[in-house]
Amino acid sequence: MIRVLLVDDQPLIRSGFRALLDNEDDIEVVAEAANGSEGLALARQYVPDIALIDIQMPFVDGIEATRRIVADPALARVHVVILTNYGLDEYVFNALRAGAAGFLVKDIEPEDFLHAVRVAARGDALLAPSITRKLIDRYVTQPLETGAGTGLEELTNREREAVALVAQGLSNDQIADRMVISPLTAKTHINRAMTKLHARDRAQLVVLAYESGLVTPGGSGSGRTS
C-alpha cells in the first residue's frame, strides 16, 4: 500500500486528488494539510511514502517544507513530489535543489497522475528525459555556484560519465548506448553515484552535476577525467 500525504491550501484541489487516489486499491491518503507547517507535522506523524506538496502556500511554502522534510533523518523514506500550476519555473528548480524527487503540474491527466505516484513510491525521480532537458534549457543561462564540495572525487570515471549524461537528460537506455554498456550496468553506475553523493534521486543528480561544475551551463560535461 502506497501511503500519501496531501499538502495544498486549496480544499477543492485536495478533495479532487484524494478522491482519485482513494479509488485505487494500492494507494491510501493518510492525511491532508493546508500549509507546509501542518504538512511537516503530519509527515512526522504518519511518515508517508509520498508527500504531494503544493509549491506556493501560506506560512510555510512547498520549498521550505521540502527542505525540512529532506533534512529530517526520521523522514528519509518520504519522497516529496511538488505540485504546481505553472510548469517549469524558478520555484520548481528551487524545490528540486531543496530535495524534491520531482514535480507534477496540477492539470495532469488522471492516469498520468496515478502512474507518477507509483513511480515516486518506487524511489524513481519524476523527471522524464524530456522534462530534464526542458529544465536544463530553462536554466542554462543562470550559472550556479560551482565547487560546492559535492564529493565528486569519490566517483569512478565511469560513474562521473554516467552522472554527466543524466544531467544532459538522457535515459538509462540512452546512457547505456553512449557508454557502450548494458542498461543494467548504466543503472548500477547511477545508483552508486547517488549513494556516494548522498543524492536522494535522479533529480538531485542533475542539480549536483551543475553545482559541481561536472556539467556547465550552456555546454556539457565530458564525463571522463584524466
Side-chain angles (χ1 to χ4, degrees), residues 55 62-63 66-67 69-71 76 79-82 84 87-104 116 119-120 122-226:
I55 202 164
I63 296 172
T66 298
R67 188 176 292 113
I69 288 173
V70 171
H79 301 288
V80 176
V81 176
I82 290 293
T84 176
L88 293 169
D89 59 21
E90 66 275 14
Y91 295 108
V92 168
F93 188 70
N94 288 337
L96 292 175
R97 294 183 74 183
F103 68 93
L104 297 173
V119 167
R122 294 198 303 265
D124 295 332
L126 287 176
L127 284 178
S130 60
I131 297 297
T132 305
R133 282 191 288 271
K134 289 178 183 177
L135 189 67
I136 292 168
D137 289 343
R138 177 67 183 269
Y139 290 98
V140 291
T141 58
Q142 302 177 20
L144 303 175
E145 295 181 4
T146 59
T150 54
L152 285 179
E153 67 278 0
E154 300 295 327
L155 302 185
T156 67
N157 288 349
R158 295 296 264 174
E159 288 164 356
R160 285 184 181 226
E161 186 175 3
V163 171
L165 294 172
V166 168
Q168 293 175 40
L170 274 62
S171 68
N172 284 356
D173 286 345
Q174 290 170 324
I175 291 171
D177 288 343
R178 186 75 66 87
M179 296 177 66
V180 195
I181 55 178
S182 71
L184 180 59
T185 301
K187 184 176 181 179
T188 298
H189 285 320
I190 294 165
N191 288 342
R192 287 176 177 169
M194 285 195 294
T195 298
K196 291 179 180 180
L197 298 176
H198 305 290
R200 288 166 66 100
D201 49 49
R202 197 182 189 98
Q204 279 198 300
L205 274 187
V206 175
V207 175
L208 288 170
Y210 276 92
E211 289 185 328
S212 66
L214 181 63
V215 176
T216 57
S220 62
S222 64
R224 294 182 182 276
T225 58
S226 59

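Excluded from the calculations below are hydrogen atoms, water molecules and symmetry mates; all remaining heavy atoms, backbone and side chain alike, are included.
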Chemist: NZ of K187 to CE of M194: how many Å apart, nearest 0.5 Å?
Modeler: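 Between K187 NZ and M194 CE, I get 8.5 Å after rounding to 0.5 Å.
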Chemist: Is any side-chain heavy atom of I181 closer than 4.5 Å to one of H189?
Modeler: yes
Chemist: Which atoms form the tightest heavy-atom contact between V163 and A193, and what is the distance?
Modeler: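 So the minimum-distance heavy-atom pair works out to CG2-CB, 3.5 Å.
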Chemist: Quick one: closest heavy-atom pair of T66 and A100, and the distance?
Modeler: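 In terms of heavy atoms, the two residues are closest at CG2-N, 3.6 Å.
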Chemist: Quick one: are L165 and I190 in side-chain contact, heavy atoms under 4.5 Å?
Modeler: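 Result no, sub-4.5 Å side-chain heavy-atom pair not found.
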Chemist: Which pair of non-hydrogen atoms, one from A101 and one from H79, has the smallest distance, and what is that distance?
Modeler: CB-CB, 4.5 Å
Chemist: If you compare all heavy atoms of I82 against all heavy atoms of G62, which two are closest, and at what distance to 0.1 Å?
Modeler: CD1-O, 4.1 Å
Chemist: Which heavy atom of A209 sits nearest a heavy atom of A167, and at what distance?
Modeler: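 Distance-wise, the nearest heavy atoms are CB-CB, 3.5 Å.
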Chemist: Who are the side-chain contact (heavy atoms from CB on, under 4.5 Å) partners of T195, not counting sequence neighbours?
Modeler: none
Chemist: What residues, two or more places apart in sequence or in another chain, satisfy side chain to side chain donor-acceptor pair (under 3.5 Å) together with T188?
Modeler: none
Chemist: What pair of heavy atoms forms the shortest contact from M179 to R158, and how long is it?
Modeler: O-NH2, 2.8 Å
Chemist: Can you tell me how far apart CD1 (I175) and OG1 (T185) are? Round to the nearest 0.5 Å.
Modeler: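 Output value for this atom pair is 12.5 Å.
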